[in-house]
Amino acid sequence: MDHGIDKTLLVTGATSGFGAATVERFLADGWRVIATGRRGERLQALLDRHGGERLHVAAFDIRDGDAMQAALDAIPEPFRGVDVLVNNAGLALGTALAQQADLDQWRQMIDTNVTALATLTFKLLPALIARKGAIINISSVAGVYPYPGGNVYGGTKAFVSQFSLGLRSDLHGTGVRVTAIEPGMAQTEFTLVRTRGNQAASDTLYAGANPMTADDIAGVIHYVATLPPHLNINRLEIMPVTQSVAGFQVQRTGP
Ligand code: NDP
Ligand code: 8X3
């Protein structure tokens, strides 16, 4: 029996962090939720906890276009017709300066944060237009403010923010809303992934900083998704109070 809000949200990267918290936030509000990510055991745990009436899960690598299409084709009837797409799956890999970086890590970030995000968006545009839906893209302050070692990660997030504005222009008149959310420091598995599993590095980064939480960002995503239909937040930048921007570096010895 259907007993919730007649809206469906698809969130990528639902096995951890912002995405996992977003699943909980929208299920609690009665939405239907499609949750995706690579780690099938975590998606299965979600299903075990919530059941399949309001939740559908799909385990696939978002960089694999065929797997993405197969997952979209396999969405069962009650979940078809996505109202809100949350493009959240993404990652930073490494903090090395560009001249010391790992090209495979750069490619993985571009494939995930840029190519896969654009591909999924393209595939869901007809459904989103038909339902006057919304696209919420998870960008980052790293796409706005550069920092040493941010190089390609920051570049991918600049793409996400600019792509969001471009979508807004293209979707003019369709009723589809597009928002780029640009968070600063939030404690998730983000730094663990970035450092290839260095728990101490992750703990040190967040220690004493009172960073944002995944629930904080899920609340912002919910706020954006449930705004009155005549309102569109284009970009939403959010940081913990303990974090701020400190600008330029100057070389005093040359060149
Ligand atoms: P987490 O590492 O906790 O979550 C990342 C999610 O992305 C996981 O669910 C992971 O799932 C998924 N993902 C990564 N690669 C793939 C892939 N190839 N295919 C499918 N899913 C993938 O980090 P966050 O929750 O913090 O990150 C979510 C988003 O927020 C990212 O886009 C990140 O760049 C952005 N962000 C994070 C900030 C922070 O400080 N935490 C600040 C600003 C932006 P799985 O591994 O199971 O595939
Ligand atoms: C994550 C925020 O500042 O670690 O996108 O790059 S930051």
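When a ligand or atom number is given, it counts from 1 through the structure's own listing order.
- Short contacts between ligand 1 and I138, defined as distances under 4.0 Å to a heavy atom of the residue, involve ligand atoms 29 (C), 30 (O), 35 (C).
- Listed by number with element, the atoms of ligand 1 under 4.0 angstrom from any heavy atom of Y153 are 33 (C), 34 (O), 35 (C), 36 (N), 44 (C).
- Of all protein heavy atoms, the one closest to atom 48 (O) of ligand 1 is R38 NE, 2.6 Å.
- Aromatic ring orientation, H56 versus F79: tilted (interplanar angle from 30° to 60°).
- Residue contacts with ligand 1 for A20 are absent, since no atom lies close enough (heavy atoms, distance under 4.0 Å).
- Distances shorter than 4.0 angstrom occur between a heavy atom of S139 and an atom of ligand 1.
- Under 4.0 Å is where a charged nitrogen must lie from a carboxylate oxygen, and between E182 and R235 at least one such pair does.
- Environment of OH in Y223: sparse, with no more than 12 heavy atoms of neighbouring residues, nucleotides or ligands closer than 6.0 Å.
- Near R63, the atoms of ligand 1 lying under 4.0 angstrom from a non-hydrogen atom of the residue are 18 (N).
- If you check which protein heavy atom lies closest to atom 38 (C) of ligand 1, you get F18 CZ, 3.7 Å.
- Annotation: atom 40 (O) of ligand 1 to nearest protein heavy atom, A186 N, 3.0 Å.
- At least one N or O atom of G13 sits closer than 3.5 Å to an N or O atom of ligand 1.
- Residue contacts with ligand 1 for K157 involve side-chain atoms from C-beta outward but no N, CA, C or O (heavy atoms, distance under 4.0 Å).
- At a 4.0 Å cut-off, at least one heavy atom of G184 sits close enough to ligand 1 to count as contact.
- Residue T188 holds the heavy atom nearest to atom 24 (P) of ligand 1 of all those in L93, T213, T188.
- With hydrogens left out, the protein atom closest to atom 9 (O) of ligand 1 is T15 OG1, 2.7 Å, a heavy atom.
- Residue M185 places no N or O, backbone or side chain, under 3.5 Å from any N or O of ligand 1.
- Scanning the protein heavy atoms around atom 43 (C) of ligand 1, the nearest turns out to be P183 O, 3.2 Å.
- Residue contacts with ligand 1, taken as heavy atom pairs separated by less than 4.0 Å, involve F60 solely via the backbone atoms N, CA, C and O.
- Protein residues having at least one heavy atom under 4.0 Å from any atom of ligand 2 are S140, A142, Y147, Y153, F190, R194, listed by chain and number.
- In summary, the side chains of D48 and Q44 do present a donor paired with an acceptor at a separation below 3.5 Å, with no hydrogens or angles considered.
- Close contacts of ligand 1 with D61, meaning ligand atoms under 4.0 Å from a residue heavy atom, involve 17 (C), 18 (N), 19 (N).
- Linking Ile, Leu, Val, Met, Phe, Trp and Tyr residues whenever their side-chain heavy atoms come within less than 4.5 Å places V160 and L93 in a single cluster.
- At a 4.0 Å heavy-atom cut-off, ligand 1 does not touch A214 at all.
- For ligand 1 and G17, the ligand atoms under 4.0 Å from any heavy atom of the residue are 3 (O), 25 (O).
- When only interatomic distances are considered, the shortest N/O to N/O separation between G37 and ligand 1 does not fall below 3.5 Å.
- Remark: ligand 1 atoms within the under-4.0 Å shell around heavy atoms of N88 are 28 (C), 29 (C), 30 (O), 31 (C), 32 (O).
- The atoms of ligand 1 that sit less than 4.0 Å from any heavy atom of E189 are 2 (O), 3 (O).
- Numbered from 1 in the order shown, with element, the atoms of ligand 1 that lie under 4.0 Å from a heavy atom of A14 read 9 (O).
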